[in-house]
4 protein chains.
Amino acid sequence: MPKIGMEPIRRNALIEATIDEIGKAGSLNVTVAQIARRAGMSTALAHHYFGSKDQMFLAAMRHIMTAFGARTRAELAAARGPRERLNAIIAASFDEREFRPEVVSSWLSFYVQAQNNPGARRLLNVYTGRLHSNLVFNLRQLTNIANAHAIANGVAALIDGLYIRQALHNNRMDRFQTMGLVWDYLDLKLGQAGRMMKDPLDPSRLATSP
Amino acid sequence: MPKIGMEPIRRNALIEATIDEIGKAGSLNVTVAQIARRAGMSTALAHHYFGSKDQMFLAAMRHIMTAFGARTRAELAAARGPRERLNAIIAASFDEREFRPEVVSSWLSFYVQAQNNPGARRLLNVYTGRLHSNLVFNLRQLTNIANAHAIANGVAALIDGLYIRQALHNNRMDRFQTMGLVWDYLDLKLGQAGRMMKDPLDPSRLATSP
Amino acid sequence: MPKIGMEPIRRNALIEATIDEIGKAGSLNVTVAQIARRAGMSTALAHHYFGSKDQMFLAAMRHIMTAFGARTRAELAAARGPRERLNAIIAASFDEREFRPEVVSSWLSFYVQAQNNPGARRLLNVYTGRLHSNLVFNLRQLTNIANAHAIANGVAALIDGLYIRQALHNNRMDRFQTMGLVWDYLDLKLGQAGRMMKDPLDPSRLATSP
Amino acid sequence: MPKIGMEPIRRNALIEATIDEIGKAGSLNVTVAQIARRAGMSTALAHHYFGSKDQMFLAAMRHIMTAFGARTRAELAAARGPRERLNAIIAASFDEREFRPEVVSSWLSFYVQAQNNPGARRLLNVYTGRLHSNLVFNLRQLTNIANAHAIANGVAALIDGLYIRQALHNNRMDRFQTMGLVWDYLDLKLGQAGRMMKDPLDPSRLATSP
DNA sequence: AATGAATGAGCCTTCATTCAT
DNA sequence: AATGAATGAAGGCTCATTCAT
C-alpha cells in the first residue's frame, strides 16, 4: 500500500530499528536485513531511504546525539545557578528514557566506531565539544579556568566509564547511584577548588545535592 | 623454512599481530588473512595454531590481561602501605608499555565484545574482579567497607573512561596527567572518607602522594 | 531479469540440477557452485532459496521419494487383485522415467548418506516403511503373516541390489529383465508358500504374470 | 624410534585405519589426518607410504577384496558337490569376520566409488567377475547355461541388496537369516530349474540345506 | 624412518547493494 | 512507494600435499 509522505515514518522506523539491533548485538555487526526486518520493510527500501548501511548508522548516531542535546537543553531550562546546571548536564546523560541497556550499548558501539570512521568522528566531536564547553562554562563560575577544564575532563571520563560499565552490565548501581557518583565527584572537586579559592561551598546547596 | 619448536613463536606472532590489527582497525572487524599476513604466515597456519578466529581473539585478550596482571604484581611489589599500593594498582593500568593507542584500542574492542561473547566475558570478569578486590582490599585499610566498595567503583569507572578516551584520541592528557586524575580522585575520596570517619589524613602520607 | 513468482521455478531447477550433478559425480561430492551453475544461477541465489547445501540435498532426496510415491500410487490404481498390485509396486521402482543411470546413482548416494545423516535417514525410513507395508499388505492376502514379511524383505533386498548394480552399470539386464527377476522371485516364493499352505497357485494367474 | 622393516606394518596399520574410518563415517569423506591419527602416525608418513589418499583408498579396497577371495577359497575347499560349493560361495560373503557394520559400510563406499573412479572400478570388476564365474561354474552343473547366468545375476543382486541393507541397519535379520535368504533363493531357482529340466532335486540335499 | 611445519586451492556461506517491475 | 530477485565480493575454515630436518 504505497502512501505519500511515508519518508519520515520509514526513516524513523529504520533508525529505531538500527539502534535496537545494534544494542541487541552489542556491536555494529548487524545486517541491513535484520534492521529492515525489524523496521517492517525490505532491505531494498532501507537502501532507498538511506543509500547505504553506513548512512543508516550515521543517522542513528545523529538521532541519539540529537536526543541527548534536546534532553540537555530541557534539563538546563529548569536549573538555577551553575551548580544546578552542572547537575542538569550530568542528569541528561543518565535520563531514564535513554539510559537503557540497548541504547547505551548502541551508543558505545558508535563511540568506538568513531575511532576510525570520519563521519562518526565528526558527530562524536560535536557531542564531546558541547559537553565539555557546557561543563566548563558553568564550572568557570565556580572555580578558575584551569580547574574548570580539569574537572570537566574528570566528569566526562567518569560519564564514559559509567556508560561502558552499564553496557557491560558490570554496573551494579542503578541510575540514581550512577548519577550520584558523578555529582559527588563534582562536589568534592568543587569543595577542593573552593578551599583552594578560599571560597567555601554554600552549605545550603550541599544540603540539596544528592 | 620448517623448523622445530615453532609453535610458541608462531602463536606469539599471531597474538601480537591480532592486537595490532584490531588496534589499527579499532574494532574486531579484521580478517584472519590480515592478521596472518602481518604475522608473516598463511591463514591456514593461523588456523592450525588457533583453531578459529575466535580462539585467536581470546588468546589475544588473555595475553593483554596476563600482561596487565604481571604489571600489577610488579608495581605492587615495590609499594609500601595501602595508599602506595592503590597508586600502584592504578599505575599498572597506565603503564607506558601498554597504554599505547593500539593496545588500548584493542583492549576496548575486547571490552565491548564481552557484552555478548561468553568466552570474552569470562576473561573480562576475571580482570574486573581482580581489580575490584585489589582496590577494596587496600581501601579497606583506610576506610569502612561501604566506602571501600564505592570508591573502588568510582576508580574503576574512571579508569575505563580514561581508557576509552585514550582510544578515541579524545584524551588531551598525557600518561601522568591521566594517572594523576585518578590518584587525585582517590585522595579526595579518602580525604572525605577520613573526615567522615573523624580520622584526618596523615599529612606525611599526603606529602608523598602524587 | 527479475520477475515475480520465481521461487518455485528456481527451487525446481536447483533440485533437478542437484540430482543431475550428484548422479554425474556418483557421490555427494559436488559443490554448490556446480549445482548453481547447472541451474543457471549464482551460488548466493541457491543459498537464498535453500539455506544450505544440506537442505538442497534433502530437498532433492525428498523430490525423488515423492516422485516414487506418486508412481506407486499411479501403478496401483490400475492394478486388480493382490498379485497385480505387488507387480505394480515393483514396477514403480523401475519406471522408465526414473530408472535412469543418473537418477539411480543419485538415489544411491542419498541411500548411503542415510547411514549417518539424520535428515536423510528420516526420509529414507519413510520410503522403506511404505514399501514394506505396501508389500506386506498385499502379500498378506496370498500367504501367512510370517511369509509375508520374509518375502517383503527378500523383494526389498532384491530391488536395492538391482538398483546398486544399475548405478554401477554392472547390470547387463534391461528394465524388463530387471523387473522380471523380481516378479519371478515373487512367483517362486508365493508358489512355495502356496504349496506350504496346501493352496496351489491358480494357473490362470500365473499365465498373466510376466 | 625409526626401525627397519616397518613398511609392511605401517601399510597394514594404515589400511585397517582407512577401513575403520570409512566405515565409521559411512562414506569416503574421511581425512588423511583422521586415518593417520588412528593408525598412530603422521599424515606425512601416510603419504610417504601410499603417495596419495587415493592410493590409500585403493589399497584398502584391494585388502577387502583379497580377504574376500581368501575366504571364498577356504570355504570352497571344505565343500563337496556343486550345491555345497554354491552355499560356500554365499557363506564367504557373510563371514562373521567381515560382515560387521563398519566393514560392510566401508565396502559399500568403495562399491559406490567404483561408479566413476577407474582404479576402484577395475578392482570391483575383478570381484564381480570372480563371483559371477564362480557361481556360474557350479550352477552350470545343476542347470542349463541360460538359467545359470540368470540365477547368478539374481544371487549377486540379492547379496548386494542385503549388504546395503546391512550397512544402513535396515536389516533386521542376523547373519544366518541373511544367508538363509540367499540359500533359499537358490533352492527355489534350482528347484524350478530342476522341474524345468525334469530333474527333481535330490531330497537328501534339501534336508541338509538351511 | 619419521614428523612438524607450512601452504595453495577450494568450498560453504554471508551480505551489501542493484535492478526491473 | 515498494519489493522480490539476483549477484559479486569476500571471509572463515579445511585439507591434501610437500619439504626441510
Any His48(D) side-chain N or O less than 4.0 Å from OP1/OP2 of dA1(E): yes
Sugar-phosphate, base or nothing in reach of Ser42(C), heavy atoms under 4.0 Å: base
Value in whole Å for how far the P atom of dT13(E) lies from CD1 of Ile35(C): 11 Å
Interatomic distance where CZ belongs to Phe50(C) and P belongs to dA5(F) [whole Å]: 13 Å
d(CE, Met56(D); C1', dA16(F)) in whole Å: 11 Å
d(CG, Leu45(A); P, dT3(F)) in whole Å: 5 Å
Atom-pair distance (CG on Leu28(B); P on dG11(F)), nearest Å: 15 Å
Basic-acidic side-chain contact under 4.0 Å: Arg38(A), Glu21(A): yes
Under 3.5 Å on both distances, the Watson-Crick or G-U partner of dA9(E): dT14(F)
Nucleotide opposite dT21(F) in a Watson-Crick or G-U pair, distances under 3.5 Å: dA2(E)
Any Arg10(B) side-chain nitrogen or oxygen under 4.0 Å from OP1 or OP2 of dG4(E): no
Nearest-Å distance for atom pair CG/P, residues Leu14(A) and dA1(F): 14 Å
Sugar-phosphate, base or nothing in reach of Thr43(D), heavy atoms under 4.0 Å: base
Side-chain donor-acceptor pair present, Gln113(C), Ser27(D), cut-off under 3.5 Å: no
Rounded interatomic separation in angstrom, taking CG from Asn29(C) and P from dT14(F): 17 Å
Between P of dA6(E) and CD of Glu7(B), the distance in whole Å: 10 Å
